[in-house]
Amino acid sequence: MPEGPSLVILKNAVQMFKGQKVIAVSGNTSIDKDAIRDLEVIDFKTWGKHFLICFKNFTVRIHLLMFGSYAINERKGRPERLSLQFANGELNFYTCSVQVIEEPLNEVYDWAADVLNDNWDAKAARKKLKAQPGTLVCDALLDQNIFAGVGNIIKNEVLFRIKVSPLTTIGDLPPRKLTEMIHEARNYSFDFLEWKKAFELKKHWLVYTKKICARDKTAIIKKHLGKTNRRSFYCPVCQIKYECIKISQ
DNA sequence: CCGGTTGTTCAGCG
DNA sequence: GCGCTGAACAACCG
């Protein structure tokens, strides 16, 4: 379910509840459900993998984590974590993290860090990356403070697209490749969004879960890498591991 | 039917 | 206080 583009699809799918009053709340979440009843949903927003239900004085934050899911105007055969009833339908969430945000969202979220947001700021991303030259690119792409919304699939596909090994550090990446990485983190996310909408996402994977490189038919390497220790799929031939020779003084 | 995982947080430890 | 590790969560797919 849950990389950034999937959340954008969710946001688009619930637009008919925007401006509607919540007439009943249920679910096994520990947040105060009474506080939501009879309130109007002002807006739905996303930040990276966060889904935000905005009310006048607070926001309910949904994070689907690995296994979370939702259902609109239907129910799955399991307990709802949070269920919102409207006059024109219902919105149900399962096995997710639910939190209340009391602060204004602009104080909590850096919209410029969300790769799918209109306010995405590539220069700000570059500055954050430059500050951590020792970080592996496979970890940097999963850093939600830099690339909010990027998940493990996007990480692998971006590195394949720009022909960079996941084991390259930020500091060793040639400046042009750094630019490409930042650009493709956003660009691939929009491709992901379009493919997912068309139910053809998997068809477009070139390296993620693949056995053979789409470019040169080399055997793809599958390994858990970096501090994040997430699955990396990469071609040892066309994805280059950049290394600078450091001259000690 | 078992193993692995599109993710994050937190406890525990050195 | 830090960085690191592993557990916990818990559903679906192949």
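The chains referred to below are lettered A, B, ... by the order of the sequence lines, with proteins before strands, and numbering in each begins at 1.
C:dG3 atom P lies 19 Å from atom CG of A:Asn229, rounded to whole Å. For the pair A:Arg230 CZ and C:dG6 P, the interatomic distance rounds to 16 Å; values are reported in whole Å. Here B:dT8 presents its C1' atom at 9 Å from NE2 of A:His50, a figure rounded to the nearest Å. Protein atom CG of A:Asp139 is 11 Å distant from nucleotide atom P of C:dT5, rounded to whole Å. The distance between atom NZ of A:Lys155 and atom P of B:dT8, rounded to the nearest whole Å, is 12 Å. Straight-line distance from the CD1 atom of A:Ile62 to the C1' atom of B:dT9: 17 Å, rounded to whole Å.
No salt bridge links A:Lys49 with A:Glu3; every basic N to acidic carboxylate O contact stays at or beyond 4.0 Å.
Looking at A:Gln239, its side chain does come within 3.5 Å of a backbone N or O of A:Cys235 through a donor-acceptor pair. Side chain of A:Ser83 to backbone of A:Glu80: no donor-acceptor contact under 3.5 angstrom is found. Between the A:Asn152 side chain and the A:Arg231 main chain, a donor and an acceptor come within less than 3.5 Å of each other. At least one donor-acceptor pair under 3.5 Å links the side chain of A:Arg186 to the backbone N or O of A:Val115. A:Lys33 contributes a side-chain N or O that, together with a main-chain N or O of A:Thr29, makes up a donor-acceptor pair within less than 3.5 Å.
The cationic atom of A:Arg161 (NZ for Lys, CZ for Arg) does not lie both less than 6.0 Å from the six-membered ring centre of A:Tyr188 and within 45° of the ring axis.
Of the candidates A:Ile42, A:Ile62, A:Asp43, A:Thr59, A:Ile53 forms a side-chain contact (heavy atoms from CB on, under 4.5 Å) with just one, namely A:Ile62.
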**Message:** For DNA chain C, please output the secondary structure as dot-bracket, reading 5' to 3'. Pairs are Watson-Crick or G-U wobble, both atom distances under 3.5 Å; mark crossing pairs with [ ], other-strand partners with |, unpaired with a dot.
**Reply:** .||||||||.||||
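You'll find the ring centres of A:Tyr109 and A:His50 inside the 6.0 Å limit.
Using P as the reference atom, C:dG6 and B:dG4 are 16 Å apart when rounded to the nearest Å. C:dG1 and B:dC10: their C1' atoms are spaced 16 Å apart (whole Å). Nucleotides B:dT6 and C:dT5, compared at atom C1', are 23 Å apart to the nearest Å.
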**Base versus backbone protein contacts along nucleotides 9-14 of chain C [heavy-atom cut-off under 4.0 Å; B, S, -]** = -BBS-S
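Under 4.0 angstrom from either OP1 or OP2 of B:dG7 there lies no side-chain N or O belonging to A:Gln144. Between A:Lys49 and B:dT8 there is a side-chain N or O to OP1 or OP2 distance below 4.0 Å. Proximity of A:Lys227 to the phosphate of C:dC4: a side-chain N or O atom is located under 4.0 Å from OP1 or OP2.
Taking the side chain of A:Arg231 as heavy atoms from C-beta on, and the options B:dG4, B:dT8, B:dG7, the nearest nucleotide is B:dG4. Distance from the side chain of A:Lys222 is smallest for B:dT5 among the nucleotides B:dT5, C:dC4, B:dT6.
Taking hydrophobic clusters as Ile, Leu, Val, Met, Phe, Trp and Tyr residues chained together by side-chain heavy-atom distances below 4.5 Å, A:Leu105 does not share a cluster with A:Ile31.
Using a 4.0 Å heavy-atom distance criterion, A:His224 is classed as a sugar-phosphate-only contact.
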